[in-house]
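We count residues from 1, following the sequence as given. Order of appearance sets the numbers: ligands from 1, and atoms from 1 within every ligand.
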Amino acid sequence: MALSTCDPCSFSRPDLCIVTNIDLDLAVDFEKNVIAGTAHLHVEKKRDAIEALVLDTKDLNIEAVSEQGSGRVLEFKHHDEGNIKAFGSKLEITLPSDAGKRLIVSIQYITSPTCSALQWLCPEQTAGKRQPYLFSQCQAIHARSLFPCQDTPTVKFTYTAKVKAPREITILMSAVRLGAVACEGDSSSRVHQFEQKVPIPSYLLAIVGGDIESRDIGPRSKVWSEKELVEQAAFEFAETEKMLRTAENLLGPYVWGQYDLLILPPSFPYGGMENPCLTFVTPTILAGDRSLADVVAHEISHSWTGNLVTNSTFQDFWLNEGHTVFAERKITSRMHGGEPLRQFLANEGWKTLQETVATLTKAKESAYTKLIPDLTGVDPDDAFSSVPYEKGFALLCYLEQILGGSAVYEPFLRAYIEHFKYQSITSQQWKDFLFSYFCSEEDQRKLQAVDWNTWFFAEGMPNVQPQFDSSLAKPCQDLASQWLTAADTDLSSFTATDLQQFSALQKREFIALLLQAETVVTVAKLQTMDTLYQLSAIRNSEICFRWLRLGVKSRWKDIIPRALEFVTEQGRMKFVRPIYRDLYQWEEAREAAIENFKKHCVEMHSTTAKEVAKDLHLAAH
Ligand SMILES: CC/C=C\C/C=C\C[C@@H](O)/C=C/C=C/C=C\[C@@H](O)CCCC(=O)O
Ligand SMILES: [Zn+2]
């Protein structure tokens with residue numbers, strides 16, 4: 001199967017010609033669950049003699065292709081190339097030999113009702129139950145199911161959009177809003193207009209449509225959601241401007257203009273998605289006490305690491321995510337808790353990496369524990385895990401430690417962003433810049449002593465562990481140890497005040513330590529813990545997630561209904577996949593888990609349903 005020579009997940013050939021801008025003229029049809037319209041691609045040939053533009057599509061009905069201006073019909077071939085469904089089809093358009101180096105190719109098309117980039121919700125699936133809802137998730141390679149494009153992060157393009165939708169629906173995109181006007185000759189519709197002047201990779205094009213409204217939360221920020229959530233969201237994310245300024249101090253100027261937050265319906269498969277100008281977030285971070293706002297720090301950081309300096313292919317995904325986690329934890333600790341908090345979060349991240357490596361290895365997917373995996377013939381969604389986040393973070397922490405700490409590494413981080421901004425780069429380019437920046441003899445010796453091949457391409461855990469301070473974790477470790485060593489018959493030493501001084505992060509770490517322990521906590525202890533600490537009543541999703549997993553690990557039958565409720569009321573893969581896997585491993589709960597999935601999978605996001613089906617051994621790995 002001949003995919004692109006530069007990106008194993010794309011048919012496109014940016015080495016021959018590139019798309020520099022796209023003008024979208026679309027209409028959203030909530031009756032048929034399709035988007036129809038025209039994509040006008042501004043094409044630049046690398047050489048005059050280039051005669052073909054090769055694009056990625058997936059389940060698109062290509063109706064007509066022409067050259068804007070002349071109106072000439074352009075010949076095209078549109079066919080499946082290989083056996084990986086996720087890669088979709090190759091669209092090869094013949095370019096007129098007399099068209100010169102630059103031309104605009106207009107492609108009239110319709111998406112499929114099963115477009116993998118979109119989830120369509122009927123009114124009953126929304127909070128308000130008044131209007132239908134639509135949202136996109138293009139990362140990694142779903143953009144090709146939404147519009148014909150060079151669906152590789154190697155290529156960056158600006159875009160404009162005009163989107164027609166029923167007048168009760170508000171449309172937003174990953175761009176600056178130019179306004180909405182009544183639709184000429186159709187009073188039941190409005191046309192929404194957008195412009196993204198900063199070049200972006202295809203995976204960052206995003207769209208949402210629903211009965212949504214906004215509140216201002218800062219000079220350059222609004223929060224958007226259905227009205228049922230908007231006040232709660234405005235409170236939860238009230239520190240966004242402070243977070244943006246902290247990020248600018250660390251990383252440089254914010255170039256995107258607007259920074260809005262959109263709270264999605266619960267089926268959204270991720271904690272957040274860094275769509276430019278409009279970060280998408282899951283409602284599971286609405287904790288009521290701002291304790292889960294680290295997700296926003298992560299998505300804000302992407303405005304530099306990922307959206308400005310972009311991984312050239314998803315094999316270099318760690319460049320996006322490792323740097324973003326590194327920045328996120330710097331921002332979070334500068335805003336609250338200082339360096340001890342950053343060390344606490346780093347320690348938690350290392351344990352997350354350990355668990356993920358063990359899980360992938362057990363599932364015979366250890367190839368995905370490499371920092372830079374080979375994605376030839378692989379659907380990136382199948383390779384997705386916390387490895388690029390946490391192994392990438394650990395590498396950057398290790399380098400910061402050996403090169404002299406934050407005082408020397410943070411200026412490098414800013415220089416790295418300044419040097420590569422607006423570009424797509426490979427890990428090799430990052431490494432070359434690192435070596436060129438730290439050019440003293442002593443630093444060169446340190447960098448040459450790093451085992452790069454193991455860090456980049458070895459499976460499993462890194463062979464060096466950065467040292468993290470555990471002062472904030474110690475109270476959690478002490479309490480967990482007391483519970484693990486106490487006799488079931490003697491739990492009188494524990495009181496309701498044990499957790500009173502714990503932050504939400506420390507409560508989550510306390511439960512995580514019990515979950516990670518060799519010793520299985522008895523049901524008697526869990527029942528006593530619940531009575532004393534009211535853990536089942538805690539709504540913080542990260543605490544709830546770990547508490548449910550602990551109950552399943554202890555084979556506490558009473559926890560099964562709540563676990564099934566939790567994986568049904570929201571669809572964040574970080575939560576639903578491990579719990580479904582845990583229930584599957586518990587023979588007595590397996591059938592209930594499978595039945596619950598079969599009953600609700602039609603309401604789930606297609607990516608979540610695909611991955612959970614694999615976890616439940618209902619589909620091939
Ligand atoms: C090495 C893996 C290669 C490619 C994977 C790239 C994309 C995978 C695709 O599934 C999209 C992922 C999007 C992730 C979005 C947000 C995450 O940062 C948060 C995930 C965890 C959470 O829910 O908090
Ligand atoms: Zn991220």
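The Zn ion (ligand 2) is closest to atom NE2 of His302 (considering only N, O or S atoms). For Glu321, the N/O/S atom at the shortest distance from the Zn ion (ligand 2) is named OE1.
Taking the six-membered ring where the residue is Trp, His605 and Phe135 present parallel rings, their angle staying beneath 30° rather than reaching 60°. Using cut-offs of 30° and 60° for the angle between ring planes, the Phe566 and Phe575 rings count as tilted. Taking the six-membered ring where the residue is Trp, Phe384 and Tyr270 present perpendicular rings, their angle passing 60° and hence far from 30°. Ring geometry for Tyr409 against Phe326 counts as perpendicular: the plane angle is over 60°, on a 0 to 90° scale with 30° as the lower cut. In this pair, Phe456 and Trp318 present their aromatic rings tilted. The plane angle is within the 30 to 60° band.
Of all the atoms in ligand 1, the ones that sit under 4.0 Å from a non-hydrogen atom of Gly271 are 22 (C), 23 (O), 24 (O). Using a 4.0 Å cut-off to heavy atoms of Asp381, the atoms of ligand 1 that qualify are 8 (C), 9 (C), 10 (O). The ligand atoms of ligand 1 that sit less than 4.0 angstrom from a heavy atom of His298 are 18 (O). Close contacts between ligand 1 and Phe314 involve ligand atoms 3 (C), 4 (C), 6 (C) [criterion: under 4.0 Å to a heavy atom]. Using a 4.0 Å cut-off to heavy atoms of Pro373, the atoms of ligand 1 that qualify are 1 (C). Near Phe384, with a cut-off below 4.0 Å to any heavy atom, the atoms of ligand 1 are 8 (C), 10 (O), 12 (C), 14 (C), 20 (C).
Contacts between Ser386 and ligand 1, counted as non-hydrogen atom pairs separated by less than 4.0 Å, are absent for every part of the residue. Contacts with ligand 1 closer than 4.0 Å are made by side-chain heavy atoms of Arg572 only, the backbone lying farther away. Contact annotation: for Tyr389 versus ligand 1, heavy atoms closer than 4.0 Å belong to the side chain alone. By the criterion of a heavy-atom distance under 4.0 Å, both the backbone and the side chain of Tyr270 are placed next to ligand 1.
Thr111 contributes a side-chain N or O that, together with a main-chain N or O of Ile35, makes up a donor-acceptor pair within less than 3.5 Å. Put simply, the side chain of Glu236 gets close to the backbone of Gly288: a donor and an acceptor are under 3.5 Å apart.
The aromatic ring centres of Phe194 and Tyr159 sit 6.0 Å or more apart.
The heavy atom nearest to atom 6 (C) of ligand 1, out of those in Phe575, Tyr368, Phe317, is found in Phe317.
Looking at Lys574, Arg572, Arg581, Arg577 one by one, the single match for salt bridge (Lys or Arg N to Asp or Glu O under 4.0 Å) with Glu611 turns out to be Arg577. Checked against Leu505 for a side chain to side chain contact (heavy atoms under 4.5 Å, CB included), the options Arg508, Lys507, Glu509 give a single hit: Arg508.
Of all protein heavy atoms, the one lying nearest to atom 16 (C) of ligand 1 is Gly272 O, 2.8 Å. Counting only heavy atoms of the protein, atom 7 (C) of ligand 1 lies nearest to Ala140 CB, 3.5 Å. Counting only heavy atoms of the protein, atom 2 (C) of ligand 1 lies nearest to Ala383 O, 3.7 Å.
Considering backbone and side-chain N/O of Gln139, none are found under 3.5 Å from N/O of ligand 1.
Glu542 has a carboxylate O that lies under 4.0 Å from a charged side-chain N of Arg546, or vice versa, which qualifies the two as a salt bridge.
Taking 2.8 Å as the threshold, Glu274 does not count as a candidate ligand of the Zn ion (ligand 2), since none of its N, O or S atoms lies below it.
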